[in-house]
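In what follows, a structure is listed as structure tokens, so that the remarks can point back to it.
If you're wondering where the values come from, they're calculated on a predicted model, not measured in any experiment. Both backbone and side-chain heavy atoms feed into the values below; hydrogens, waters and symmetry mates do not. Start at 1 and go down the list; that is how both ligands and their atoms are numbered.
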Amino acid sequence: MSDEAFPDIPKIEFEGPDSKNPLAFKHYNKDEVVGGKPMKDHFRFGVAYWHAMRNPLADPFGGGTAERPWDDGTESVANAQRRVWAAFEFMQKLGVDYYCFHDRDVAPEGKTLAESHANLDAVADELEKAQKETGIKLLWGTACLFANKRYNQGAATSPYADVFAYAAGQVKKAIEVTHRLGGEGYTFWGGREGYSTLWNTDLKRELDHLAKFLHMAVDYKKKIGFTGQFYIEPKPKEPTTHQYDSDSAACLNFLREHGLMGELKLNIETNHAILAGHTMMHELEVAMAADALGSIDANAGDELIGWDTDQFPTDIYVTTQIMLCLLRMGGFTTGGLNFDAKVRRESFEPVDLFHAHIGGMDAFARGLKIANAILEDGRWVAFRKERYSSWEQGIGAKIENGEAGFEELEKYALESAEPVTASGRQEMLENLINEFI
Ligand code: XLS
Ligand code: NI
Ligand code: NI
């Protein structure tokens, strides 16, 4: 076997829309300037280490199918270190600039916390070398607080104080390693921070504990001088019946109630939006309205299966909506588009990892070009502006400026004719958007 993990796969290049080469980009042209900056800076694409490198592709009815010839299947540190080089070869050939990881997907869990820390350090040594050699950077790190049996009833929301303390020790270390590797962010996804039944759950106490945990993390981050952005990732259910961080609105309310606004932004995942009964655009708009959209876990769900299927994003209508939000926000600062997505169990060959990511990157490139064209055209923006124009002067401006109360408004309504509204023109706008797709 050659030293390469993907010996038959060359560097993926942009060949344009007419190319029939499945291992080429048709739309993602990293240096092409769209809307004032190169494509790669709009997206800041990241590979999710857990899916790309660690997902065995099992489902509830059968074990893993993934063929990963560079991996000897053991939970050894040496195997984990070797895997780092396969991961970076993959990312380099694909041409992404970022990756994300959980502590326990890059390094094996030891028998004690001390041993786990040491394993993580040993793999972080390799990650640091590989980052230096390739220029690939860490978008964010995170800790796996859901796989080990000790977390079966939660981590920061476990009914057991010792579990909370263990989780704190684990997260402390994960933040330190993220800091050491120059991570631009750190994500909290509350794997099992929720409940299965209220018969055994003190909901208020658990939520207070979660807030305490996050405050401790914020304090520690400042103490060690880690300036990366903290994110919280909403998800409504799965694995628990009800997750506390269920959607953007719930997360924002939680952060506000506990004095954490400004300390954490949201990392929003498409499939989680769907599970919450929302569209991705809704979740993004809610976060943007609170100035709290930080990063995105790019994937897709299956409308026919009610799980977090974590599929690769291919729907150009959705990528267009996401890019419309990002362009209006002025783009990411610390965040990026992390492909929190896995290939299907049937797609077990290494090359499928390339097909999947190429498809996702091309889908976003098209979304960007379409969204930029919609904004440059101006009709969509103008329609929305016109729809709210009654707030620009007269009584609308007075209300917005806090210069009118109920008495003034009643007087105004009594003296005015019946209010006039115009059509919302939903269908016309849907047609307008489709003009560009
Ligand atoms: C799981 C989450 C997870 C987070 C990181 O559903 O999406 O992958 O992104 O813990
Ligand atoms: Ni995610
Ligand atoms: Ni998910």
D308 heavy atoms within 4.0 Å reach ligand 1 at atoms 6 (O)

Is the closest basic N to carboxylate O distance between E4 and K93 below 4.0 Å? yes

Please list, in number order, the atoms of ligand 1 under 4.0 Å from a heavy atom of E233. 2 (C), 3 (C), 4 (C), 7 (O), 9 (O)

Could you pull out the atom name of the N/O/S atom in E233 that is nearest the Ni ion (ligand 2)? OE2

As an exercise, identify every atom of ligand 1 less than 4.0 angstrom from a heavy atom of K235. 1 (C), 6 (O)

With the threshold set at 4.0 Å, does a side-chain nitrogen-carboxylate oxygen contact exist between E128 and R180? yes

If you measure every N/O of W189 against every N/O of ligand 1, is any gap under 3.5 Å? no

Are any of the side-chain nitrogens in E285 or R328 under 4.0 Å away from the carboxylate oxygens of its partner? yes

Using the six-membered ring wherever Trp is involved, compare the ring planes of F45 and F339 and label them parallel, tilted or perpendicular (cut-offs 30° and 60°). parallel

With the Ni ion (ligand 3) as the reference point, give the N/O/S atom of E269 that is nearest. OE2

Those atoms of ligand 1 less than 4.0 Å from some heavy atom in W50: 8 (O), 9 (O)

The Ni ion (ligand 3) - closest N/O/S atom in D308: OD2

Going by an N to O cut-off under 4.0 Å, is there a salt bridge joining E263 and K222? yes

May I ask whether T187 places a heavy atom under 4.0 Å from ligand 1? no

Would F164 and F213 count as a close aromatic pair, with their ring centres under 6.0 Å? yes

Opening angle between OD2 in D297 and OD2 in D340, taken at the Ni ion (ligand 2), to 10 degrees: 90°

Y186 versus Q229, side-chain donor and acceptor atoms under 3.5 Å: no

Run the salt-bridge test on R104 and E75 with the 4.0 Å N-O cut-off and return the result as yes or no. no

Answer with yes or no whether the side chains of D297 and W189 bring together a donor and an acceptor at under 3.5 Å. no

In this structure, atom 5 (C) of ligand 1 is nearest to the protein heavy atom H102 NE2, 3.3 Å

for atom 8 (O) of ligand 1, nearest protein heavy atom and its distance come out as D340 OD2, 2.9 Å

Check whether any heavy atom of H272 sits under 4.0 Å from an atom of ligand 1. yes

Of all the atoms in ligand 1, which lie at a distance below 4.0 Å from a heavy atom belonging to D297? 9 (O)

Donor-acceptor pair, S347 side chain versus D352 backbone, under 3.5 Å? no

Ligand 1 and W140, any nitrogen or oxygen pair closer than 3.5 angstrom? no

